[in-house]
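Here the structure comes first, spelled out in structure tokens, and everything after it is commentary.
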Amino acid sequence: MPNNSLRRILEMIGSHTFCEMIGCAEYTVSCKWPDRASGMDMEATKKNICEMIKTKGLKDRAIAEKMGVTPQAVNKWRHKGTFLVIDNLYILSGMLGVSIDELIIPKTWKEQTFLIETRC
């Protein structure tokens with residue numbers, strides 16, 4: 001399933017003004033998306049989540065209250081290398097205003113190239 005970037009590119013190429021601007025031709029578009037089968041890069045995911053928490057200005061106590069754990073538990077997974085329970089990713093994604101996919105960093109990425117032919 002194409003990601004949002006690819007959808008936007010396809011919409012732009014399909015628009016009449018784009019065809020007028022560059023004429024009829026074939027184009028290739030490359031997109032990358034997470035290879036979910038390869039698993040999650042735990043360290044990169046932890047760093048990503050911690051950076052988002054820092055940017056949002058959330059405190060350990062506020063996160064702990066929402067998750068139903070102690071602030072010490074939040075501090076432990078943020079600073080000492082342990083990781084939070086997967087169920088809590090839903091809570092964190094809501095607190096940070098992002099999707100779970102934006103929290104998790106995959107070990108590898110898939111890249112696919114599409115050939116797009118415009119007919120004007």
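These numbers come from a predicted model, not from an experiment.
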Value rounded to 0.5 Å, distance of [atom1] in [X] from [atom2] in [Y]:
X      : Y     : atom1 : atom2 : value
Leu96  : Ile91 : CG    : CD1   : 11.5 Å
Lys54  : Glu51 : NZ    : CD    : 5.5 Å
Leu103 : Thr45 : CG    : OG1   : 8.5 Å
Ile104 : Met42 : CD1   : CE    : 9.5 Å

If you compare all heavy atoms of Pro71 against all heavy atoms of Ala64, which two are closest, and at what distance to 0.1 Å? N-CB, 3.5 Å
Listed pairs under 3.5 Å, donor-acceptor, residues 56-63 side chains, sequence neighbours left out:
unit_1 : atom_1 : unit_2 : atom_2 : d
Asp60  : OD1    : Arg78  : NH1    : 2.5
Asp60  : OD2    : Asn75  : ND2    : 3.4

For Asp101, salt bridge (Lys or Arg N to Asp or Glu O under 4.0 Å) partners two or more places apart: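 Counting only residues at least two positions away or on another chain, Asp101 forms a salt bridge (Lys or Arg N to Asp or Glu O under 4.0 Å) with Arg36.
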Partner residues of Glu102 under the side-chain hydrogen bond (donor to acceptor under 3.5 Å, both in side chains) criterion, sequence neighbours left out: Ser99
Would you mind reporting whether Leu92 and Met67 have side-chain heavy atoms less than 4.5 Å apart?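 Side chain of Met67 against side chain of Leu92, heavy atoms only: contact under 4.5 Å found.
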Do you reckon Ile105 sits in the same ILVMFWY cluster as Ile100, going by side-chain contacts under 4.5 Å, direct or chained? no
Please determine whether residues Leu89 and Val74 belong to a single hydrophobic cluster, defined as Ile, Leu, Val, Met, Phe, Trp and Tyr linked transitively by side-chain heavy-atom distances below 4.5 Å.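 Yes, same cluster.
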